[in-house]
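Since the structure comes first, as C-alpha cells, the remarks are kept for the end.
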Number of protein chains: 4
Amino acid sequence: MTRGNGENGTGTEPRQQHHGNRHGRSERARLAVLWAADDLLAEKGFAGVTIEGIAKSAGVAKQTIYRWWSSKTDILVEAYLTDAAEALAPVDHGDLERDLRAHLRRLAEFLTGTDPGAVFRALIGQAQHDPAVAGQFRERCLPEQRRRDRLPLERAVRRGELPSGLDLAAEADRLIGPLYYRVLVTGESVGPAFTDALVDAFLARFPARPR
Amino acid sequence: MTRGNGENGTGTEPRQQHHGNRHGRSERARLAVLWAADDLLAEKGFAGVTIEGIAKSAGVAKQTIYRWWSSKTDILVEAYLTDAAEALAPVDHGDLERDLRAHLRRLAEFLTGTDPGAVFRALIGQAQHDPAVAGQFRERCLPEQRRRDRLPLERAVRRGELPSGLDLAAEADRLIGPLYYRVLVTGESVGPAFTDALVDAFLARFPARPR
Amino acid sequence: MTRGNGENGTGTEPRQQHHGNRHGRSERARLAVLWAADDLLAEKGFAGVTIEGIAKSAGVAKQTIYRWWSSKTDILVEAYLTDAAEALAPVDHGDLERDLRAHLRRLAEFLTGTDPGAVFRALIGQAQHDPAVAGQFRERCLPEQRRRDRLPLERAVRRGELPSGLDLAAEADRLIGPLYYRVLVTGESVGPAFTDALVDAFLARFPARPR
Amino acid sequence: MTRGNGENGTGTEPRQQHHGNRHGRSERARLAVLWAADDLLAEKGFAGVTIEGIAKSAGVAKQTIYRWWSSKTDILVEAYLTDAAEALAPVDHGDLERDLRAHLRRLAEFLTGTDPGAVFRALIGQAQHDPAVAGQFRERCLPEQRRRDRLPLERAVRRGELPSGLDLAAEADRLIGPLYYRVLVTGESVGPAFTDALVDAFLARFPARPR
DNA sequence: TGGTAAACGAGACGGTACGTCTAGTCTTTGG
DNA sequence: CCAAAGACTAGACGTACCGTCTCGTTTACCA
C-alpha cells in the first residue's frame with residue numbers, strides 16, 4: 001500500500017497525528033494498520049493476514065483495530081480504497097480500439113501484477129464465502145472500477161465510434177468478463193495477446209464506420 | 001451431496017463397509033466425511049466447514065480425515081467430484097442458438113442455485129487465497145466443466161453452423177466469462193434475460209449462413 | 001458506605017462541590033468513587049471492583065481516579081476509613097466479662113455481617129498477595145481496630161479485674177485471634193456461642209478475685 | 001514444589017509419560033504445570049501467576065491447562081496437595097508442652113518460611129475474594145492441617161495430661177488462632193518467643209497434675 | 001471584569017491476560 | 001492395518017481492564 005498522506009476516499013474529516021483523544025482517531029495507527037494488512041497479504045497470503053499479526057506488525061493494540069474495523073476484510077477494503085485513489089482513469093487516445101487495448105492490458109496487469117490487485121482478488125475470493133464481505137466489496141470497491149471499465153465505451157459513443165443506444169454497462173461486462181474468468185477461475189495467462197483478442201472479438205460486432 | 005453408492009470417478013479400488021481392518025479404508029467413513037462437508041457448507045458456509053466439525057458430524061476420528069485428505073478443500077474437491085458425476089452433458093437440440101441458450105441457463109442455475117455449484121464457488125473463492133487449492137481445483141474440477149462448455153460449439157462446427165478455424169476454447173471462455181464475472185464479482189442476477197443476451201451478442205459475430 | 005457529608009479523618013482540607021478548578025479536588029468525585037467502590041465490592045465481589053467499573057458507575061473519568069488514588073485497594077482503604085468513623089468504641093459495662101462478651105459478639109458481626117467488614121476482609125485477603133496492600137492496611141486500618149480490641153482489657157486493669165503486669169496487646173491478640181482464624185481460614189460460624197466460649201477460656205486464666 | 005515422582009494424594013490411577021492418548025492425561029504436563037505455578041508464585045507473587053505464564057514456563061498449551069483445571073487457584077490447590085504429602089505429622093515427644101512448642105514453631109515456620117506455606121497463605125487470601133476458592137481450600141487443603149493441629153492434644157488426652165471431656169478441635173483453634181491472626185492480619189513476627197508464649201498461656205488453663 | 005490555571009468528563013492509545021476455538025500431530029486399544 | 005478416541009502443542013480469536021495520554025470545558029482566583 002502506498003505510504004502517502006492517506007487523505008483519501010473513505011472520509012474527508014481531518015485526522016490528527018496524536019495518539020488518541022476525544023477529537024478523533026489516530027491517523028498514525030490507521031495508516032499503520034492498513035499498511036501492515038497490505039504487507040501481510042503480499043508476503044503471506046490471505047491466511048497470513050490475522051488481526052493479531054496486523055496489530056503486532058503495525059505496533060498497534062488489537063483493541064484499536066477492533067474499535068475501528070469489524071473484520072480483517074474490512075481492513076483490506078479500506079486499504080484497497082486508500083490505494084485505489086491513485087489508480088488513474090483510462091487514458092484517452094482518441095480512438096476506441098487503442099483505448100480498449102490499453103485499458104484491458106492495464107486491467108490485466110492490475111489484477112495479476114499489483115498489490116492492490118492482489119487485495120482486490122482476495123476480497124473477491126472471500127466474497128464467495130461471506131455475504132457480508134460480498135456486500136462491502138460490491139458497495140465500496142467495485143463501482144469505481146466498473147465506472148473505469150465503462151469509460152472508454154462512453155467516450156466512443158460520444159465520438160460516434162459506437163452507436164448511442166447500447167447498454168454500455170452490459171457491453172463493458174461482456175468485454176472484461178472473460179478476463180476475470182481467466183484470472184479468477186482458470187488461472188491462465190492474461191498477456192497482451194489474450195486481451196487484444198478480447199478487444200478484436202468485441203469490435204467485430206461493431207463494423208467500422210466511415211469517419 | 002447425493003447419497004448414492006459412492007462408487008465414482010476418484011477411485012476404483014474396492015471399498016468395504018467394515019470400520020477398519022487390514023483390507024483397506026472404510027467406504028462408510030469416506031462417504032460420511034464427504035456428506036458432512038457438503039452439509040456443513042450448505043448450512044454454515046465455508047467458514048463453518050472445519051475438520052473438527054466434519055469429524056464430529058460424520059462420527060469419524062480426525063485422524064481418519066487427515067489420513068486420507070490433506071485439507072478441507074481437498075474434501076470439498078472430492079465431494080464436488082462425487083456429485084458432479086450426475087451433472088449431465090449439455091443436451092443436443094440440433095441447433096447452436098438453442099443449445100447455447102439452454103447451456104447458459106443451465107450453467108447459471110448450477111452456479112447460483114445448486115449445492116454442487118455452491119461448492120464450486122467456494123473452491124474458486126478459496127483458490128484466490130491458496131495456490132494449492134487453485135491447483136487442485138483447476139486440475140480436478142475445472143477441465144470437465146470446460147469440456148461441457150465447449151461441447152455446443154464443437155457440435156455447431158460439426159454441423160457447419162460455425163466456421164472450422166475457430167479457437168473453440170477461447171470462444172467458450174468469451175461466451176461464459178461474463179456469466180462468471182456476474183456470479184463471482186458483481187453478484188448481479190443471472191436470469192434468462194441475461195444469459196440470452198450473452199448468446200445474442202456471441203452469435204452476432206457469426207452472421208447466419210444459409211441452411 | 002455511608003452517604004454522609006464525607007468530612008472525615010483522611011483529610012481536613014476544605015472540599016468544594018464544583019467539578020474542578022485550580023483550588024482543589026472535587027469532593028463530589030471523591031465520594032462518588034468511594035461509594036461506587038463499596039457498592040461494587042458488595043455487589044460483585046473483589047474481582048468486580050475495577051477502576052474502569054468504578055469510573056463508570058461513579059460518573060467519573062479514569063484519570064480523576066488515577067490522579068488521587070494509586071490502586072483499587074487504595075480506594076478501598078479510604079472507603080473503609082470513611083466508614084469506620086462511625087464504628088463506635090466498645091461500650092463500658094463496668095464488668096470485664098460483660099465487656100468482652102459484647103465486644104467479641106460485635107466484632108464477629110462486624111467481620112461477617114457488615115459492608116465495612118467485607119471491605120476489611122477483602123483488604124486482608126489482598127494483603128496476602130501484595131505487600132504494598134499489607135503495608136497500607138496495617139498502617140491505616142488496623143491500628144484503630146486493635147486499639148478498640150485492647151480497650152476492654154485496659155479498663156479491666158484500671159478496675160483491678162486484671163493484674164497490672166500483663167502485655168495487653170498480646171492478651172487481646174490471644175482473645176480475638178481464634179475469631180479471625182474462624183472467619184478468615186475455616187469459615188465456620190462465629191455466633192455468640194463461639195465468642196462466649198472464647199471469653200470463658202480467656203477468663204479461666206484469671207481466677208476471679210474477691211471484690 | 002517438590003519434583004518427586006508425583007504419584008500422590010489427588011489420584012491413584014496410573015499415569016503414563018506419553019503426551020496424550022485415549023488412556024489418560026500426561027503426567028509430564030501435569031507436573032510441569034504444578035511446578036510452574038509454584039515457581040511463579042514464589043518468584044512474582046500471586047498476581048504473577050497467570051494461566052498464560054504457567055503455560056509458557058511449563059512448555060504446555062493453554063488448552064491443556066483449561067482441560068484439567070478450572071482456574072489458577074485450582075492449580076495452586078493441587079500444587080499444595082502434591083507438596084503437602086511430605087508434611088510430616090507432629091513428632092511425639094511424649095510430653096504435651098514439648099509437643100506443642102515444637103508444633104507451633106513448626107507451624108509458624110511453615111506459614112512464613114516455606115513455599116507450600118506461601119501457597120497456603122495465597123489461597124487463604126484469595127478465599128476472601130472468591131467463595132469458590134474458599135470452598136476448595138476448606139474442603140481439600142484445610143482438614144489435613146487441622147488434623148495435624150489437633151494431634152498433640154489428642155495424644156495428651158490419651159496420656160492423661162489433659163482431661164478427657166475437652167472439645168479438642170475448639171482447643172486447637174484457640175491455640176493456633178492467634179498465630180494465624182499474626183501471620184495473616186498484623187504481619188508481626190512469629191518467632192519462638194511468640195509461639196512459646198501461646199503455649200504457656202494455653203497450658204495455664206490446665207494446671208499440671210501429678211504423674 | 002476578564003485571564004489564567006487546575007481539575008474535570010471523555011475516550012483513544014499500547015498493552016496483557018483472559019477463556020474459547022480449531023489446526024494438525026501423536027499414541028493407544030480394538031476389530 | 002485401519003478406525004475411533006482423545007490428549008497434546010500451537011496460535012488466533014474477540015473481550016475486558018490496565019495505566020497513560022491528550023483534548024476541550026468548567027470555574028475560582030487574581031490582576
Side-chain angles (χ1 to χ4, degrees), chain A residues 16 18-26 28-29 47 49-56 58-68 70-72, chain B residues 16 18-26 28-29 47 50-53 55-56 59-68 70-72, chain C residues 16-26 28-29 47 49-56 58-68 70-72, chain D residues 16-26 28-30 47 49-56 58-68 70-72:
Chain A
Q16 289 76 30
H18 46 70
H19 278 210
N21 57 33
R22 70 186 307 189
H23 305 294
R25 62 194 282 196
S26 159
R28 185 193 64 70
V49 181
T50 65
I51 301 284
E52 206 119 297
I54 293 171
K56 187 169 185 176
V60 144
K62 275 166 66 179
Q63 188 54 50
T64 297
I65 297 180
Y66 284 107
R67 199 181 343 261
W68 301 110
S70 61
S71 64
K72 70 179 186 179
Chain B
Q16 289 76 28
H18 43 71
H19 277 211
N21 56 30
R22 58 189 53 172
H23 307 295
R25 69 187 280 193
S26 157
R28 187 194 65 71
T50 64
I51 301 283
E52 208 116 299
K56 187 171 186 177
V60 145
K62 275 166 63 180
Q63 187 53 43
T64 299
I65 298 180
Y66 283 107
R67 194 175 350 252
W68 300 109
S70 62
S71 67
K72 71 178 186 180
Chain C
Q16 289 77 28
Q17 296 304 318
H18 47 73
H19 277 211
N21 58 33
R22 67 189 306 187
H23 305 294
R25 66 191 281 193
S26 158
R28 184 192 66 71
V49 181
T50 65
I51 301 283
E52 209 118 294
I54 292 171
K56 186 170 187 179
V60 145
K62 276 166 65 178
Q63 186 54 46
T64 299
I65 297 180
Y66 283 107
R67 198 182 341 259
W68 301 110
S70 61
S71 65
K72 72 177 185 179
Chain D
Q16 289 77 29
Q17 294 305 317
H18 46 72
H19 278 210
N21 57 33
R22 68 188 308 187
H23 306 293
R25 62 192 283 192
S26 158
R28 185 193 65 71
R30 175 179 161 268
V49 181
T50 64
I51 300 284
E52 208 119 297
I54 292 171
K56 186 170 186 177
V60 144
K62 276 166 65 179
Q63 187 54 49
T64 297
I65 297 181
Y66 284 108
R67 191 173 359 250
W68 299 111
S70 61
S71 66
K72 71 178 186 178

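Every chain is numbered from 1, with letters handed out A, B, ... down the list of sequences. Computed from heavy atoms alone, side chains included, the values below leave out hydrogens, waters and symmetry copies.
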Could you report the tightest heavy-atom contact between A/A29 and A/S26, atom names first, then the distance?
N-OG, 3.0 Å
Please tell me if C/R67 has a side-chain N or O lying less than 4.0 Å from either OP1 or OP2 of E/dA7.
no
Side-chain contact, heavy-atom cut-off 4.5 Å: C/R67 with C/Q63?
yes
Does A/K62 reach the side chain of A/I65, with side-chain heavy atoms less than 4.5 Å apart?
no
Starting from P on E/dG31, measure out to CZ on B/R28 and report it in whole angstrom.
15 Å
To the nearest Å, how far apart are D/R25 CZ and F/dA7 P?
10 Å
Can you check whether B/W68 has a side-chain N or O nearer than 4.0 Å to OP1 or OP2 of F/dA3?
yes
Decide yes or no for D/T50 and D/K72: does some side-chain heavy atom of the first lie under 4.5 Å from some side-chain heavy atom of the second?
no
Please, what dot-bracket string fits DNA chain E when only Watson-Crick and G-U pairs with both distances under 3.5 Å count, crossing ones use [ ] and pairs to another strand use |?
|||||||||||||||||||||||||||||||
To the nearest angstrom, how far is A/I54 atom CD1 from F/dG14 atom C1'?
14 Å
Cation over ring face, C/R25 and C/W68, 6.0 Å, 45°
yes
Closest contact, heavy atoms only, A/I51 versus A/S71
CD1-C, 4.4 Å
5' to 3', nucleotides 15-22 of chain E under a 4.0 Å protein heavy-atom cut-off (B base, S sugar-phosphate only, - none) gives B-BBBBBB
Over all heavy atoms of both residues, which pair between C/A61 and C/A55 is shortest? Give the atoms and the distance, please.
C-CB, 4.3 Å
It should be established whether B/T64 places a side-chain nitrogen or oxygen under 4.0 Å from OP1 or OP2 of nucleotide F/dA4.
yes
What's the NZ-P distance between D/K56 and F/dA10, to the nearest Å?
12 Å
